[in-house]
Amino acid sequence: MLLVGLVLLAKMLSVKNLTFSYDTTTVLSDLSFEVDKGEHVSVIGESGSGKSTLLKLLYGEYDLGTGSIHWNTTEILGPKFNLVIGYDFMKYVAQEFDLMPFISVEENVGKHLSNFFPEEKRARTAELLEVVELSSFSKAKVKTLSGGQKQRVALARALAKQPEIILLDEPFSHIDNFKKQSLRRSVFKYLKQKNIACIVATHDKEDVLGYADRMIVLSNNKILASGSPKDLYHNPKTALIASFFGEFNNIDGEIVYANQLETVAHSNLNATVVHSYYKGNFFLIEANRKGQTLFFEHSVALQKGTTVHLQIRK
Ligand code: ADP
Ligand code: MG
């Protein structure tokens, strides 16, 4: 009895056999997955693989070809069946965010909050501006902001009414490297604290590793793989998945990351150094093995033409 109660309480997104095409070419074909309350799921895939389309479908922007989308018992319907797009429990931050340029940052963030509770509204807006690290810009007009700052305002506005699930399309793509790391930590920590489920479309592994509970890989209109970042990193199965995580080699049919190869005194895996790329705390060495390019990581630069013996790190 208790179990049944728990199952009913656990909120979740359920996507079943979703198929969609803009015209005659299929963009997404027969996708099924679920997202639990508070879960952080990354959707990755090459440019054009349908990440943005999927988020828009989840938000109800388009009508599905076939299949269904539910948030608990509420079916998400497209414009054919739903006059107003969007639901209170779900927010969506598009790749191209639309803000009101002539009003201030704080007015944009608080736009959907009630004016009947000015003190609460002020506190809530201030809290969210802190999450997106824009407190000092609260009075600035949005039109005076950079692309990255606007992206942060859009994030804060989507969080204002505390949704149960938020869909983020490349949420840090316009934000410079100086800010990106701390902003990511701040936003993802906030979502976990408030138990807000999130689906993040990205092609940046830094958005995924260390944050996502699960990742879904889109390729050729389908879900190519799904699993924890750790599982997919250690067992990438295909070159596409490995390439998401970093430089890798195909050694006799086995996927081996550049950081899994080390130099040893003797081995059967010989290669000739072609180039050393400075990477900060290591060098990425490009080498040639019987006409095939190999990459491995090394603590110092190696002279071009040097013969190295490599082995897969134990
Ligand atoms: P991603 O976000 O992974 O880069 P998209 O979802 O934007 O991919 O695009 C998936 C495919 O759908 C691409 O081939 C793209 O050209 C096509 N597409 C995207 N939006 C539209 C649209 N409004 N009309 C027609 N085709 C579109
Ligand atoms: Mg996109």
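Remember, it's 1-based here, ligands and their atoms both numbered in the order they're listed.
Between the side chains of T25 and D23, at least one donor N or O sits under 3.5 Å from an acceptor N or O. Judged purely by distance below 3.5 Å, without hydrogens or angles, the side chains of D213 and H40 never pair a donor atom with an acceptor atom. Side-chain atoms of Y87 and N82 include a donor-acceptor pair closer than 3.5 Å.
The single protein non-hydrogen atom nearest to atom 11 (C) of ligand 1 is G48 O, 3.7 Å, given as residue, atom name and distance. Of the protein's non-hydrogen atoms, Y22 CE1, 3.5 Å is the one closest to atom 12 (O) of ligand 1.
For CZ of F116, the number of neighbouring non-hydrogen atoms (other residues, nucleotides, ligands) closer than 6.0 Å is 12 at most.
Here T53 has heavy atoms under 4.0 Å from ligand 1 in both its backbone and its side chain.
Proximity annotation for atom 2 (O) of ligand 1: of S47, S52, G50, S52 comes nearest, heavy atoms only.
Using a 4.0 angstrom heavy-atom cutoff, G45 does not count as in contact with ligand 1. Heavy-atom distances between E46 and ligand 1 reach below 4.0 Å in at least one pair.
Between F172 and the options F178, Y211, F188, a ring pair (Phe, Tyr, Trp, His ring centres under 6.0 Å) holds for only F188.
Backbone and side-chain nitrogen or oxygen atoms of V27 are examined, and none is located within less than 3.5 angstrom of a nitrogen or oxygen of ligand 1. No N or O atom of Q95 sits closer than 3.5 Å to an N or O atom of ligand 1.
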Would Q303 and T306 satisfy side-chain hydrogen bond (donor to acceptor under 3.5 Å, both in side chains), going step by step from the backbone distance to the final call?
-> CA-CA 6 Å; Q303 192 76 37; T306 309; over 6 Å; no
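To the nearest 0.5 Å, atoms CD (E247) and CD (E286) are separated by 8.5 Å.
Angle OG (S52) to the Mg ion (ligand 2) to OE1 (Q95): 70°, rounded to 10°.
Within the 4.0 Å cut-off (strictly below), no protein heavy atom is located near atom 15 (C) of ligand 1. Distance screen at 4.0 Å: atom 20 (N) of ligand 1 has a protein heavy-atom neighbour inside the cut-off.
Using a 4.0 Å cut-off between charged side-chain N and carboxylate O, E133 and K179 make a salt bridge.
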